[in-house]
There are 2 protein chains.
Amino acid sequence: MYGAIMSSTRKPPPATRERLVSTTQELLWERGYVGTSPRAILDRAGVGQGSMYHHFTGKSDLAQAAIRRTAEDMKESAEECLSAPGTAYDRVAAYLTRERQVLRGCPIGRMTQDRDVVQDPELRRPLDEMFGWLRGRIAEVLAEGQRRGELADGLDPVAVAATVAAVVQGGYVLARAADDTAPFDAAVRGALSLLAAQVTPGTGSDHTGPGDRR
Amino acid sequence: MYGAIMSSTRKPPPATRERLVSTTQELLWERGYVGTSPRAILDRAGVGQGSMYHHFTGKSDLAQAAIRRTAEDMKESAEECLSAPGTAYDRVAAYLTRERQVLRGCPIGRMTQDRDVVQDPELRRPLDEMFGWLRGRIAEVLAEGQRRGELADGLDPVAVAATVAAVVQGGYVLARAADDTAPFDAAVRGALSLLAAQVTPGTGSDHTGPGDRR
DNA sequence: GTCTATACGTCGATAGAC
DNA sequence: GTCTATCGACGTATAGAC
């Protein structure tokens, strides 16, 4: 992975810069953009003011690096579920039910509620790319399921993909309002039950609802 | 409505207090809690510092009044859709497709991303009550639809109600990330198509999907 | 590269005049 | 009730020593 040919562009990253980025990732998740001060980042990272302004032009530049990194991380963990073996339903279900720190919310979704982030094209771009990719990827999985005859032809992959992504993001909102993960779980359960009704009988594993239990 | 008997508890509200609350509602929607300073509120409301600390104990007290008011407003407008005549599907569809300022996001949902709000029980309570009521009300509508034979028996009203509420909240997130209302509309469209598949044939109006067009 | 010192604005709250 | 003046703390950024 760290080929000698790439050595000129793959310098060993300075530990300080690295600490700044990961600490900023944490704080942005906890407190959002406006709620995160350079001071707080430096204190937690244990570095001085000068280091930050040496490696980055300022708060937004550092935040940009942190948001990019977080978006990439989320993409990877989503892809892990969506590219798993199994039916389209199974893969979407794997994404919806994968382990999450529900009450902490989505580190990327949270950024969309931050005025300074959404208004700055450089800060918003990683969010846009991440969610755009996610909706597209889920739509692919659903469309593939249709081609395989697993899912009903009437299903609109693009629309339902947006629904699936929205259920997760909205589930976080409902859970945080209630200070309880139950609404998140309920929203996911409801979405899966509605999706299960689109599964062609006889294909893949068993997703029958409570009404069909015996 | 303003009966003489209630006159002792229904004093004419001071205009200044009123201005402070509605201005705070606006600013909380635009900038969130951490992003809204008393200074900004006072400037926009056109009142002095002293007035605010006369009517309220401080920022959080004023914010509490504003959030409560906003939550009540949202409840009313949601109830308007959900109590409309028509089938359960029609009423849920009315809620999902009602006019919204999508890119501005949900004034209540946004608060859930604010650390200071969620951590303060007094500030969080209105959010909890509002979303709790909403999920319950949608669940009622769905359950009623089932009793009337409009919706499939297998449908779980509580779970699907959470899904419906989550789709709206998540739709806002996706739309703001994209700076485009399209993902919101797609998420709603997907949810409605999935719900339409739960409608008992022959009941109520026509919700057939694209696959059934002729 | 990393540090401390400093600048200058804003934050949220209080004091006290009118 | 409403205003202005003022407070101590914190926000983001720069300067310059080491």
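Convention: sequence-line order gives letters A, B, ...; per-chain numbering from 1.
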Using whole Å, report how far [atom1] of [X] lies from [atom2] of [N].
X: A:Met52; N: C:dT4; atom1: CE; atom2: P; value: 15 Å
X: B:Leu42; N: D:dG1; atom1: CG; atom2: C1'; value: 14 Å
X: A:Tyr53; N: C:dA7; atom1: OH; atom2: P; value: 17 Å
X: A:Leu20; N: C:dG1; atom1: CG; atom2: C1'; value: 12 Å
X: B:Ile41; N: C:dT10; atom1: CD1; atom2: C1'; value: 14 Å
X: B:Asp116; N: C:dC11; atom1: CG; atom2: P; value: 14 Å
X: A:Leu27; N: D:dT12; atom1: CG; atom2: P; value: 12 Å
X: B:His54; N: C:dT14; atom1: NE2; atom2: C1'; value: 16 Å

Quiz item: Is A:Ser37 near enough to D:dC10 that one of its side-chain N or O atoms lies under 4.0 angstrom from OP1 or OP2?
Solution: no
Quiz item: D:dT2 phosphate, OP1 or OP2: any side-chain N/O from B:His55 under 4.0 angstrom?
Solution: yes
Nearest-neighbour nucleotide for the [X] side chain, [options] considered:
X: A:Val47; options: D:dT12, C:dC3, C:dG12; result: C:dC3
X: A:Arg39; options: D:dG11, C:dA5, C:dA13; result: D:dG11
X: A:Ser51; options: C:dG12, C:dC3, D:dT2; result: C:dC3
X: A:Gln49; options: D:dA13, C:dT14, D:dT2; result: D:dA13
X: A:Lys59; options: D:dA13, C:dG1, D:dT2; result: D:dA13

Quiz item: Thinking salt bridges, do B:Arg31 and B:Glu26 make one under a 4.0 Å N-O criterion?
Solution: no
Quiz item: If you measure only the distance, is there a donor-acceptor pair under 3.5 Å linking the side chains of B:Arg39 and B:Gln49?
Solution: yes
Exercise. Check the pair A:Glu18 / A:Arg69 against salt bridge (Lys or Arg N to Asp or Glu O under 4.0 Å), numbers first and verdict last.
Key: CA-CA 11 Å; A:Glu18 184 53 35; A:Arg69 167 97 43 103; 2.9 Å; yes
Self-check item: 5'-most by nearest nucleotide on DNA chain D - A:Thr57 or A:Gly35
Solution: A:Gly35
Practice problem: Take A:Glu129 and A:Arg68 through the test salt bridge (Lys or Arg N to Asp or Glu O under 4.0 Å) and record every step on the way to the result. | Solution: CA-CA 10 Å; A:Glu129 284 177 3; A:Arg68 264 200 239 279; 6.0 Å; no
Exercise. Starting from the C-alpha separation in whole Å, work towards a yes-or-no answer on salt bridge (Lys or Arg N to Asp or Glu O under 4.0 Å) for B:Arg135 and B:Glu140.
Key: CA-CA 9 Å; B:Arg135 288 185 286 122; B:Glu140 268 177 26; over 6 Å; no
